[in-house]
Amino acid sequence: MTTPHTSGDAVMESPLAGAFDGATPGAHMLGPIQTLDTPMRRYGPHDEVDYVIVGVGSAGGVLIQRLARAGFRVVGFDAGPFWDTERDWVSDEAGSYNLYWNDLRITGGSEPLAFGANNSGKGVGGGSVHWAGFTPRFHPSDFSVYSDTGLGADWPISYQDVKPYYELLELEIPVAGPSYYPWGDPHGYAYGPHPMGGVGDVLINGCTKLGIGVSIGGPVAITSGSHGDRPHCIYRGFCIQGCKVGAKQSTLISHVPDAIRHGAEIRANCMVARVNLGADGRVTGVTYFDPDGNLREQHAKVVIVSGYSIETPRLLFNSACPGFEQGLANSSGVLGKYLMAQAGTVVLGRFAAPIRMYKAPPAHALTEEFYETDPARDFVRGFAIQTVGPLPIAFAKQMMVAKGAWGWGMRKVMMDYNHWAALGFLGEILPWEDNRVELAAETDRHGLPVAKITFGLHDNDKKLIKWGVDKTMEVMYAAGAEEVVREPRYAHLIGGARMGNDPRTSVVDGFGRAHDIPNLFLCDGSIFPTQGSANPGLTIQAIAARTADYLIAQGAGVVNRPPRAVPAANPPLRRDLSPHSTAGRGMPRLKSKTPKAKLGLGGLAAGNRG
Amino acid sequence: MAVLSPRRLATEVSQKPLVRDTLAGRRKRSGWLWLLEHTLARDVRVVDQHIREGRFQRGLALIAGLSAVLGGLEVTLQHYRGSYSQRVMYSPVFLSPLVLLAGVWGFFSRRVARTLLPISSLLLLGDGALGFIFHVRGIARKPGGWRIPIFNVIMGPPIFAPLLLGISGFLGVIAAMLRREDDPPRVKAAGLPGQRPAWLGLLPRGITREGVILEHHVREGRFQKVLAAATGVSAILNGVEALYPHYKNDFTYKVQWTPILLAPIVAFAGFGAVASKRIARTLLPLTSALAVLNGAIGAFYHLRGVVRRPGGLKHSFYNTVYGPPLFAPLLFAATGFLGLLASLLRRAD
Amino acid sequence: MSLTNKTQDMPLPPDPNAPRPTIESGPPATTPAGRLPINTRTGQPIQPRPQPGYYPGFSTLSQQKFWDEATRRVVLARVNNPPPIRFFTPDEARLMRAVIERVLPQDDRDEAHRVPILNYIDDRLYHNRIDGYRYEDMPPDREAHRLGLQAIERIAQTMYGQPFIALPPDQQERVLKTIHDVEPPAAHDIWRQMSIQRYWMLLVQDVVDAYYAHPYAWDEIGFGGPAYPRGYMRLEGGKPEPWEVAEQRYEWSGPLWAVSNEYGPIGAGHETITPGQEGTH
Ligand SMILES: Cc1cc2nc3c(=O)[nH]c(=O)nc-3n(C[C@H](O)[C@H](O)[C@H](O)COP(=O)(O)OP(=O)(O)OC[C@H]3O[C@@H](n4cnc5c(N)ncnc54)[C@H](O)[C@@H]3O)c2cc1C
Ligand code: SF4
């Protein structure tokens with residue numbers, strides 16, 4: 001190898017005792033300190049378990065941990081691997097290819113969505129492995145968009161129903177952020193804010209100049225302080241490539257170890273092919289491909305699908321059977337429809353002084369000043385502006401779109417990489433029926449039809465994006481940028497199997513139970529009716545914890561009682577089911593002044609176990 | 001307890017034989033004090049006298065309390081950056097105000113100065129040592145641990161900061177051993193029953209023996225060496241604590257070098273003063289005064305740095321937490337103050 | 001020692017208002033010197049070097065002992081063992097190489113320090129590693145690349161009556177520019193099978209994917225490279241780490257004949273903006 005140069009400085013030529021070694025043989029590493037120490041429980045092919053969870057991602061990881069802790073027999077399936085973070089993850093952009101769902105999907109419509117690295121993960125931890133970690137809560141107004149604006153949809157539940165789970169998950173994750181967060185339902189965070197990187201300073205400078213409030217140092221799912229055997233963030237900026245440090249939360253490191261300690265089984269590299277329906281109209285379990293590609297079956301009392309907005313509808317479509325020819329649990333015909341993304345336009349500004357935006361986590365400051373509907377604007381709902389920190393390859397692709405760069409122009413603008421800062425616009429896109437997931441004619445390597453996604457913008461979306469991106473560019477200019485360009489982009493899939501009170505217009509109820517099938521639950525981003533302009537990850541995890549509490553409170557009643565006989569009130573909040581590293585952590589903090597949700601009205605004993 | 005007005009105290013004290021002796025024997029005094037004598041009021045001489053005789057418990061109790069609270073404020077902010085992720089991180093936050101309380105209360109009450117002050121100070125001292133261990137461990141638990149010491153010391157928990165806080169505790173302990181300003185000057189301290197802090201009796205005799213001698217010296221004001229050494233140690237700790245954050249900031253401002261250059265000199269003077277009376281009377285006060293000045297300048301620059309951060313005063317809380325540490329330079333100034341104090345003391349020999 | 005590594009010493013960015021010699025024409029594109037970028041102050045071609053860019057002496061590879069083993073293995077394999085050409089036929093490979101040389105020219109790098117972009121693209125197609133989706137108006141990636149090469153060849157024949165690889169670089173650029181502008185003068189039957197701008201983006205993306213994954217490119221643009229277990233400490237103000245190098249700018253441009261020196265939206269004038277492909281937040 002030819003390395004003709006030595007670097008500018010060498011206080012130390014190498015770490016003491018030489019270069020770093022990799023994974024420890026025999027130990028499953030989930031970070032530099034955390035190891036998976038307990039052997040995993042294995043259920044036999046003929047065991048009927050209580051719960052099967054399809055997809056151990058953001059939602060699935062929280063669900064499986066709760067259910068295992070409550071003493072249920074649970075098996076989680078994930079199509080991707082069970083990562084060993086020291087062995088499998090690299091601090092390299094191109095080398096992180098395997099983190100994403102790279103199996104084929106067909107994308108179309110007037111504004112086709114990009115998938116893969118842009119949208120979804122594969123492997124235990126799911127999307128939380130590669131998310132940037134922004135964890136704002138939804139605003140109370142997000143749950144009543146239709147009532148407030150006449151567009152979009154309402155949720156069957158309110159902010160107050162989710163709020164206790166926000167507070168709980170913010171501790172479990174843990175979320176670092178300011179001690180006072182002013183937007184939506186104002187609150188404070190249990191972990192302190194992070195230091196700023198160059199892009200954060202740009203956002204703060206720009207916003208302060210324009211008199212826009214800005215939240216500094218969070219809320220992000222990144223440790224600012226150690227958390228059990230997870231160290232403090234080292235500001236290396238590779239969050240989207242999977243955090244080897246274990247500072248950024250993924251359910252892989254925050255919830256899955258606790259699940260396994262409490263007897264859950266996770267079958268990695270197992271793609272679920274279909275959910276099976278019994279003669280009595282209840283699901284009986286799932287059929288899946290084991291890691292060697294053999295078709296197998298797993299029986300379960302309850303099936304929960306947590307495969308995210310594309311794979312959840314796809315699996316239900318692929319599970320079509322007599323009685324459900326249009327897809328399992330799809331008597332409404334709504335399955336696959338009302339798919340949403342958020343407008344994630346990246347606004348890039350060039351500064352005279354260097355920025356070096358690859359340092360610090362991409363997620364470290366944001367403003368939600370424009371989140372709510374403003375009657376003065378000609379569109380409803382709003383947007384957020386966040387920091388992002390594209391690494392060289394992502395930046396080159398942004399320059400390709402934003403400036404049309406190629407050839408010598410590409411080489412030249414890339415040499416200025418360190419002078420650019422990037423802000424992420426995050427605009428709400430409303431649910432529209434024609435934005436949808438269907439099955440394509442093509443099949444994947446298992447012979448399963450792949451998903452075809454159609455996506456386009458409507459009038460309100462277009463106006464919102466125009467106004468919001470202009471505002472983001474204004475912030476960039478106010479921060480002192482000499483040149484500002486933008487790359488249109490879409491982020492954060494949501495919807496496709498939405499929840500609602502009316503079985504004719506929604507797929508599941510407020511707890512994720514399929515209207516059509518009493519022992520089939522959906523729990524992931526796909527059940528959201530709308531998603532505001534907050535990143536969805538925290539809400540996905542909070543809803544999962546709520547669904548788990550509901551299932552635990554109902555116990556065997558979930559399976560035995562007819563759906564209408566099951567109470568729809570909030571279950572008791574089970575703080576005792578948090579992962580073991582949660583207790584005794586987090587600073588005293590501001591809890592909002594809005595009245596507490598009415599808890600525990602179900603009249604069920606908190607300790608009710610299945 | 002009657003509190004004497006300083007003026008009355010001064011006149012009373014200056015009538016005492018020892019004071020007259022000393023005022024006459026100028027050669028015993030350090031050069032710069034001689035200068036002071038001509039320029040400053042008599043009060044100063046009285047205070048000086050008290051210090052030389054070890055009769056400044058009230059003053060030192062206050063100083064210990066104040067320096068503890070400076071360190072306490074710093075640690076409160078710094079541990080907020082670490083999110084108080086371990087419960088033990090709250091301990092200095094609660095202990096340092098306790099030492100402040102004990103110091104202030106001890107200023108007024110002899111009882112407190114002999115009970116609460118030493119107890120809380122010892123706790124703070126112990127907490128400093130414990131904190132040091134935790135910080136060393138914290139660095140070890142960062143990715144790469146001690147194998148990449150430069151990076152992890154800079155980005156990890158500040159390694160010597162707990163020991164700096166411990167020095168406030170040390171001062172409190174010393175203060176508890178001193179005589180009070182309003183004590184009669186020539187009493188044989190160690191011989192007086194009831195004046196020894198009761199808790200010392202709990203220790204085994206063998207240990208207390210050395211302690212009694214030291215305590216005797218302390219009570220007589222003959223512990224210059226101890227305080228000078230403490231100044232030296234504190235200067236080194238301060239120097240290191242200034243070095244790596246300034247290095248982290250790439251020494252953007254030249255002035256960031258000054259505490260780092262000055263600290264070893266103060267340390268040299270401090271340790272030198274242990275060996276040489278001469279240094280104790282010349283270099284130590286001089287460099288210590290410079291340290292006080294440097295600390296003050298540093299505090300100003302740090303304040304300016306906070307205000308100049310993005311968002312400035314609009315985000316004053318965040319910028320105080322993540323800007324240059326406001327109280328760190330004041331701790332350096334406190335070290336200088338300690339050195340000044342040491343130079344005023346008598347020596348055990 | 002790095003303690004002297006001052007940020008203030010960093011050269012200021014060139015003053016855009018400063019008078020500067022106007023250079024109208026460089027050496028012709030057909031000469032070897034004509035392929036080189038030029039120093040816009042002197043008008044002289046910049047000779048090939050091991051490491052172009054504003055960070056002379058900066059080497060991410062020199063820091064490899066501070067990387068974790070998994071990352072080190074992946075990056076070193078990339079540098080030391082470029083994959084063989086297995087997907088493209090020899091003819092296709094020749095043409096593709098010529099195309100890549102214009103989409104991301106490396107004429108300013110010496111032979112030993114060029115990034116073998118073609119090999120990485122070939123490897124991706126050989127293993128059929130896709131990005132997880134395909135546009136409904138596009139054929140699969142393998143086919144798209146094959147069709148694209150045919151189209152480029154036909155455009156070259158239509159515009160200059162010669163094969164693409166025989167053209168001088170300026171004409172090659174103009175051939176590619178017609179695709180960038182979504183106005184190719186030939187191969188309309190191919191463009192009926194695939195979207196012009198999506199093909200252009202596929203091509204450019206594959207090329208930058210390969211180039212900017214390479215440590216030589218990181219050194220060129222001053223990117224710090226892998227950072228675990230050692231992270232970054234100088235987060236604000238664009239300051240270099242002790243082991244990074246402060247920027248030393250110089251003024252340059254691609255050869256004066258290069259139409260890619262100018263920036264302009266893909267498919268200028270067409271209302272078809274394709275969204276970005278990379279996850280950010
Ligand atoms: C680059 C990027 C940045 C992001 N940043 C943020 C952010 O900052 N904040 C935020 O809130 N969100 C962010 N997101 C979005 C966030 O990652 C997702 O919204 C979230 O992870 C979705 O959670 P989920 O549980 O619904 O699905 P996932 O977490 O995607 O989990 C689904 C899991 O199911 C598995 N699966 C699917 N189908 C099957 C099957 N048939 N059989 C077996 N297993 C199956 C998959 O392998 C996967 O592991 C980001 C996304 C990307 C791509
Ligand atoms: S910046 Fe922090 S959270 Fe992100 S990858 Fe690095 S250590 Fe992990």
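The basis for the numbers below is simple: all heavy atoms, side chains too, and nothing from hydrogens, waters or symmetry mates. Sequence lines set the chain letters: A, B, ... in the order given, protein chains first and strands last, and positions in each chain run from 1. Here the structure is a predicted model, which is why all the values come from computation and not from measurement.
In this structure, a donor-acceptor pair under 3.5 Å is present between the side chains of Asn418(A) and Tyr55(C).
Your options are Ala491(A), Ser120(A), Pro362(A), Gly344(A), and the one with the most heavy-atom pairs under 4.5 Å with chain C is Gly344(A). Chain C forms the most heavy-atom pairs under 4.5 Å with one residue out of Arg489(A), Arg236(A), Gln386(A), and that residue is Arg489(A). Highest contact tally toward chain A, considering only Val204(C), Val75(C), Asn261(C), is held by Val204(C) [criterion: heavy-atom pairs under 4.5 Å]. When each of Gly108(A), Ser14(A), Gly116(A), Ala396(A) is scored by its heavy-atom pairs under 4.5 Å with chain C, the top score falls to Ser14(A). Comparing Arg230(C), Arg134(C), Arg72(C), Glu69(C) by heavy-atom pairs within less than 4.5 Å of chain A, the highest count is held by Arg134(C). Of the residues considered (Gly264(C), Pro255(C), Ser260(C), Gly231(C)), Ser260(C) shows the highest number of contacts with chain A, using heavy-atom pairs under 4.5 Å. The choice from Asp209(C), Val103(C), Ile221(C), Asp68(C) that makes the most heavy-atom pairs within less than 4.5 Å of chain A is Ile221(C). Between chain C and the residues Gln342(A), Met357(A), His130(A), Lys359(A), the most heavy-atom pairs under 4.5 angstrom are made by Lys359(A). Highest contact tally toward chain A, considering only Pro229(C), Pro140(C), Ala213(C), is held by Pro229(C) [criterion: heavy-atom pairs under 4.5 Å]. Of the listed residues (Tyr97(A), Phe351(A), Tyr490(A)), the one with the most heavy-atom contacts under 4.5 Å to chain C is Tyr97(A). Annotation: maximal heavy-atom pairing with chain C below 4.5 Å, among Phe20(A), Phe395(A), Trp101(A), Tyr235(A), occurs at Phe20(A).
With respect to the salt-bridge test (charged N to carboxylate O, under 4.0 angstrom), the residues Asp416(A) and Arg249(C) qualify. The pair Glu13(A)-Lys65(C) does not meet the salt-bridge criterion, since no charged nitrogen lies less than 4.0 angstrom from a carboxylate oxygen.
With a threshold of 4.5 angstrom between heavy atoms, Ile240(A) approaches chain C through side-chain atoms but not through N, CA, C or O. If you measure heavy-atom distances from Val208(C) to chain A, the contacts under 4.5 Å come from both the backbone and the side chain. Contacts of His492(A) with chain C are made by side-chain atoms alone, with heavy-atom separations under 4.5 Å and no backbone atom involved. The parts of Ala394(A) that come within reach of chain C are both its backbone and its side chain, each placing non-hydrogen atoms under 4.5 angstrom from that chain. Contacts between Pro215(C) and chain A at a heavy-atom distance below 4.5 Å are absent for every atom of the residue. With a threshold of 4.5 angstrom between heavy atoms, Arg87(A) approaches chain C through N, CA, C or O but not through any side-chain atom. Looking at Glu442(A), only its side chain comes within 4.5 Å of chain C, counting heavy atoms on both sides. For Phe455(A), no part sits under 4.5 Å from any heavy atom of chain C, backbone or side chain. Heavy-atom distances place no part of Lys122(A) under 4.5 Å from chain C, backbone and side chain included. For Val413(A), the parts sitting under 4.5 Å from any heavy atom of chain C are the backbone and the side chain alike. When heavy atoms are compared at a cutoff of 4.5 Å, Asp21(A) approaches chain C by way of both its backbone and its side chain. For Val388(A), the part lying near chain C is the side chain, with the backbone staying farther off; criterion is any non-hydrogen pair under 4.5 Å. Proximity to chain A is absent for every atom of Glu262(C), based on heavy atoms less than 4.5 angstrom apart. Neither the backbone nor the side chain of Tyr120(C) comes within contact range of chain A; no heavy atom of the residue lies under 4.5 Å from a heavy atom of that chain. For Asp137(C), no part lies under 4.5 angstrom from a heavy atom of chain A. Residue contact with chain A, scored on non-hydrogen atoms closer than 4.5 Å, involves the backbone of Trp67(C) exclusively.
Across Glu244(C), Glu241(C), Glu236(C), a single residue satisfies side-chain contact (heavy atoms from CB on, under 4.5 Å) together with Arg356(A), and that is Glu244(C).
Judged by distance alone, the side chain of Tyr135(C) and the main-chain N or O of Ala114(A) form no donor-acceptor pair under 3.5 Å. Without hydrogens or angle criteria, Gln205(C) side chain to Lys397(A) main chain gives no donor-acceptor distance under 3.5 Å. Under the 3.5 Å distance criterion, the side-chain polar atoms of Lys412(A) are matched with a main-chain donor or acceptor of Trp252(C). Judged by distance alone, the side chain of Tyr54(C) and the main-chain N or O of Met415(A) form no donor-acceptor pair under 3.5 Å.
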side-chain contact (heavy atoms from CB on, under 4.5 Å) between Arg411(A) and Tyr211(C), intermediate numbers included: CA-CA 10 Å; Arg411(A) 285 286 306 283; Tyr211(C) 186 77; 3.6 Å; yes
Kindly determine whether Phe238(A) and Tyr228(C) satisfy side-chain contact (heavy atoms from CB on, under 4.5 Å), including the steps that lead there. CA-CA 9 Å; Phe238(A) 280 94; Tyr228(C) 171 80; over 6 Å; no
Evaluate Val207(C) against Met410(A) for side-chain contact (heavy atoms from CB on, under 4.5 Å), listing each step before the verdict. CA-CA 11 Å; Val207(C) 168; Met410(A) 178 65 90; over 6 Å; no
Could you check Trp406(A) against Leu176(C) for side-chain contact (heavy atoms from CB on, under 4.5 Å), going step by step and ending with a plain yes or no? CA-CA 10 Å; Trp406(A) 66 286; Leu176(C) 295 177; 4.0 Å; yes
